[in-house]
Each structure stands twice: as structure tokens, then as C-alpha cells.
Asks: 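Here it is, the structure in full.
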Amino acid sequence: MADQSTPEAPAPGADSPGSADSVRAPGSAGSASASGSAGALGSTSSERTAPSASPSGGPISRRRLLGTAGATGLALGAVGGAAGYAAAPSAEADRTTPLSSVGADQVMFHGKHQPGITTALQARGHLVTFDLAAGAGRKEAAALLRRWSETARRLMAGEASAQDDTDVARDAGPSSLTVTFGFGYSFFARTGLEEQRPDALDPLPDFSSDHLDKARSNGDLWVQIGANDALVAFHALRAIQKDAGSAARVRWQMNGFNRSPGATAQPMTARNLMGQIDGTRNPKPTDTDFDQRIFVPASGSGDPAWMRYGSYAVVRRIRMLLDDWEKLSLKDQEDVIGRKKSTGAPLTGGSETTEPDLEKTDSGGRLIIPINAHARITRPDQNGGAAMLRRPFSFHDGIDRDGVPDAGLLFVCWQADPLRGFVPVQRKLDRGDALSKYIRHEASGLFAVPGGAAEGEYVGQRLLEG
């Protein structure tokens, strides 16, 4: 859980190359995001462009795109920013409030891949699944995905919902909002599309560490929402739920969080609720095999054509048994993980990114990194090269009836094929990971996430109308 790194939220005003999930201030010419220790997780910024301004003289949009902060002296980190939307021209409506760089950052909806996969970690997240209503099929699913895609496009651009906007995010900008859509195994039977169901979507095998709640697992449709402002994320969640209408009902919902952008002096790998630096070995876009491991290729993979440039998301609610964990000494915690808690460096020395020496022993001949240490077991070279892009959120759902925290990790990982990514690693963990004693897998889901929608398309159109 702790040794494949996750994209960290960018520091405000920092610069990085653009990516397939380019983050920009509305109206800016370039990216305004910065990568974490895992690098800028994406490809070229040319794949997505910022939306054009409304033509002069046209209807007044409910959310205006503004310029720099001007006399306030507030650094935006990029040219431009979004502000609250106005219903009619007036002195009050025209009075603009410039945004910080965090509020102004915008991720493009249209592109080769869906947003929310290689986007840097966001401060707030919602994971929610829906089941199609009784009698709803392919036609209703297509109409729903069309509505959802338009809503996601508008909200990610910092605009209001097309219908009955709640005004929850009236004063905010896009705040790096992303909305990502996927299909569960059951979706294909419900829509008569069984022949288009990918083999890679076959149910995950059982693992001995599973204590799964079926009511909080799987689902026909999966939506991942992330943003760097809690109200912006909630606004998107409510809009998606309202758009579902009578076509689908919520099956389960989970809420998570990460460190806020700018909370540290410089971008760094995130920590989880155990206090560990959570992941240093994520695949990086600069790796020559990054796309091969994370995204379905255009052809030749055995996946149906509608999945090209898509990915498979494994979602697990992992409860951390924090009371038990926190009773351990610092040395015992570090032996469980195989890394220094303070820096994330391997116990054999160096910095966070130093390769561990798995054969190094102490004066008594004992392995310095224990044989069952989490960092040892999760290494790709210990799992036939299996790797996945981890992009989780922490969660805390209060105190349970026994008086212990209901807290842990909303684990989300991405790979071109879960049977070559998640499954081999989890099987290895199942057989002897020292961390297993302190965690419990309580919910699970596997979803096929198609490639991004081109301009004028909605997500999943090639499946539902192909």
C-alpha cells in the first residue's frame, strides 16, 4: 500500500510540463500545475486546450472568466482565473473577486484519456457508483452518459450546471475539478452489451484478507470526482446525482481527502493516515512503458475497440486498524513497511528514491529490510514486473461502535489489465505482507474506464452507439 507513489497535489504557482490531464487557469496559455515526486503524470498539453471565451455581445454566462488579480497583489500562478457567476449585469454582479492559483487551475474534459487518471492528487474526492433503474437499458444509459459528460465539461470549465444549478460553488473557480466515468461488470448485461464486455473486467479473485461488504462493492456505473476545494467537489457530486434522475440510483458513495496544495514548502509524496509516505515507486510518464502499463492501446490488446486509450480502475476501501498500528514502536512500524517513516528512504539507506538493497544484512546476518516488509513485496521486480498507477484518497468516517476510528485508504489504482497489474501484487501481499495485520479490505470494485471523449462526444459513446 505504501511503496508505489501517488501523484501529489501541485504547489500553487509552481510550473510543470502539460499533461493529458492539463491543469490550467481559464484563459491561460499554459499549464499552471506542478508535479509531485512522481513527476507530471501525463503526456503533451496539446491534447487538451482551454475553452475559448464567450463571443462578445453574446449571452452573459453564469460564470465569468477573468484576468489577473490586479491591484490586490494576489499571485495567481498563471494568467487568468475564474470567478463567481452572475445572473444579470449589475454593479454587484460586475464586481469581480480574483482567485488564487488553486481556485483558477482547470483540467480539460476532452482529450485522449479521461481526466482524473494522471491528474495530480486532489485535496478532496468522492467515489460513487450507480445501478441502472429497473427497466432502464442501453438507450437510457446513453442519455445519462450524455448528460453526465456535458455536466462534467461545464463544471470542469468553471461554469454552472445547465439545469438547476445549486450555487454551491458560485464563488469558486474550477479548482482542478475532474470527473471520471467507468462501467462495472453488471452494466453490460443490463444494457444488452455482453458481447462488448472486456475479458479484463472479469470479477477479481477472492483474497484471504477480504472482508467485503457487497452493498458497498461493484455497481453498474462508477464516477470518480476530485477537486482542490471541498465545495467544488460536493457541487459536482450533487450535479451528477441530480442528473441521474430516474435512470439510475446510487448504490454506494465514499468520501476522501488528501493534503491540500501548498500545505508543504515544496511538492512531496503524500502521507497516509498511518503517517507513512505513501508511495515512491509509481510508474512515471517518462517511463518508456508507461502507456503500455496504464492505458489500453489503440489495437492489438484483445480489448474491444471502444476501450482504446482507456484504463481499468480497481477500487478498494481499505480500513486501517490505527489503534493497533499506533501501539507499535517507530522501529517496528518501519520494519513493517521497509522504509524510514520520516523520509520514506529504504531502511538500507539513502533518500526516498534510492533503490533499496534487498540483500543487505546487519551485523547479525539478518536482512535489514525484512522478508515480509511491504516495500519488498510490492516491488515490480518481485512480482514479474506487475505495476499499477496508484491514486488514492484517505478517508475518515468517524468513530465506530467499538470506539475506534473508521479510517483508512480509498485505494484506486489504474492499469491496462488488472490481471497483470493489481491481481499479482495483491496475491503476493495476501501470502505474507507484514502490513496485512494492520489493514482490512472492506469493499471492492473493478471498472472499465473508456478513453476520453473527443469534442462533441460523450464518454462511452463508442460503446453505447457503436
Side-chain angles (χ1 to χ4, degrees), residues 109 113-117 125-153 155-156 161 177-198 200-204 213-226 233 236-256 296 303-304 306-307 310-317 393 410 412 414 418 443-453 457-466:
F109 174 73
H113 309 297
Q114 285 197 60
I117 301 176
H126 300 291
L127 308 179
V128 55
T129 63
F130 296 79
D131 286 335
L132 291 173
R138 181 174 177 177
K139 178 181 177 181
E140 290 77 15
L144 175 57
L145 266 296
R146 189 180 296 109
R147 290 195 300 274
W148 274 353
S149 295
E150 175 60 13
T151 293
R153 183 196 66 78
L155 298 187
M156 286 173 57
S161 300
L177 174 67
T178 60
V179 186
T180 316
F181 304 104
F183 305 114
Y185 184 89
S186 57
F187 175 82
F188 297 84
R190 300 292 300 274
T191 54
L193 292 166
E194 292 98 324
E195 292 185 359
Q196 289 297 318
R197 182 167 54 210
L201 201 57
D202 286 349
L204 296 172
D213 178 357
K214 291 183 178 180
R216 294 194 293 181
S217 299
N218 303 312
D220 293 344
L221 292 156
W222 176 66
V223 185
Q224 174 191 254
I225 296 169
L237 175 65
R238 286 295 297 137
I240 291 296
Q241 290 173 332
K242 290 170 65 177
D243 277 351
S246 61
R249 58 178 178 80
V250 173
R251 178 182 177 89
W252 55 258
Q253 180 196 323
M254 301 176 189
N255 308 313
V296 174
D303 287 89
W306 65 267
M307 268 299 289
S311 188
Y312 292 92
V314 174
V315 181
R316 310 276 282 184
R317 186 184 194 269
F393 294 93
L410 299 181
V412 182
W414 300 90
S444 179
L446 172 61
F447 304 96
V449 177
E457 284 187 349
Y458 63 85
V459 174
Q461 183 170 338
R462 280 163 280 179
L463 166 64
L464 292 164
E465 297 185 18

Asks: Are Asn218 and Tyr185 close enough that some pair of their side-chain heavy atoms sits under 4.5 Å apart?
Replies: no
Asks: Once side chain to side chain donor-acceptor pair (under 3.5 Å) is applied, do any residues pair with Arg238, and if so which ones, sequence neighbours excluded?
Replies: Gln241
Asks: Could you work out, with side chain to side chain contact (heavy atoms under 4.5 Å, CB included) as the rule, every residue matching Glu194, not counting sequence neighbours?
Replies: Ala189, Arg197
Asks: My understanding is that only residues two or more places apart in sequence, or in another chain, count here; which of them pass side chain to side chain contact (heavy atoms under 4.5 Å, CB included) with Glu465?
Replies: Arg146, Tyr458, Gln461
Asks: Please list all pairs meeting side-chain hydrogen bond (donor to acceptor under 3.5 Å, both in side chains) that have one or both residues in residues 133-143, counting only residues at least two apart or in different chains.
Replies: none
Asks: Identify, with sequence neighbours excluded, every residue that meets side chain to side chain donor-acceptor pair (under 3.5 Å) alongside Thr151.
Replies: Asp243
Asks: Restricting to salt bridge (charged side-chain N to carboxylate O under 4.0 Å, His left out), what partner residues turn up for Asp202, sequence neighbours left out?
Replies: none
Asks: According to side chain to side chain donor-acceptor pair (under 3.5 Å), who are the partners of Ser149, at least two apart in sequence or on a separate chain?
Replies: none
Asks: May I have all residue pairs that pass salt bridge (Lys or Arg N to Asp or Glu O under 4.0 Å) and include part of residues 181-191, sequence neighbours excluded?
Replies: Arg190-Asp220
Asks: With sequence neighbours left out, write down each residue that passes side chain to side chain contact (heavy atoms under 4.5 Å, CB included) with Arg251, or none if nothing qualifies.
Replies: Thr129, Asp131
Asks: For Val449, run the side-chain contact (heavy atoms from CB on, under 4.5 Å) check against Phe181, Trp414, Tyr312 and tell me which one passes.
Replies: Trp414
Asks: Side chains of Phe130 and Leu144: does their closest heavy-atom pair fall under 4.5 Å?
Replies: no
Asks: Just wondering, do Leu446 and Pro203 contact through their side chains at under 4.5 Å, heavy atoms?
Replies: no
Asks: Taking the side chain as everything from C-beta on, heavy atoms only, tell me whether Phe187 gets closer than 4.5 Å to Leu201.
Replies: no
Asks: Which of these passes side-chain contact (heavy atoms from CB on, under 4.5 Å) with Gln114: Val179, Thr178, Thr180?
Replies: Thr180
Asks: Can you name the residues that form a side chain to side chain donor-acceptor pair (under 3.5 Å) with Arg216, not counting sequence neighbours?
Replies: Asp213
Asks: Taking the side chain as every heavy atom from C-beta outward, state whether Pro198 and Trp306 have any atom pair closer than 4.5 Å.
Replies: yes
Asks: Got Thr191 and Phe183 here, is their nearest side-chain heavy-atom distance under 4.5 Å?
Replies: no
Asks: Kindly write out the residues that satisfy side chain to side chain contact (heavy atoms under 4.5 Å, CB included) with Asn255, not counting sequence neighbours, or none if the list is empty.
Replies: Arg124, His126, Gln253
Asks: Any side-chain heavy-atom pair from Met156 and Pro115 closer than 4.5 angstrom?
Replies: yes
Asks: Report yes if the side chains of Leu204 and Ser444 come closer than 4.5 Å at any heavy-atom pair, otherwise no.
Replies: yes
Asks: Test side chain to side chain contact (heavy atoms under 4.5 Å, CB included) on Val459 and Trp148; report intermediate values, then the result.
Replies: CA-CA 9 Å; Val459 174; Trp148 274 353; over 6 Å; no
Asks: Restricting to salt bridge (charged side-chain N to carboxylate O under 4.0 Å, His left out), what partner residues turn up for Arg316, sequence neighbours left out?
Replies: Asp210
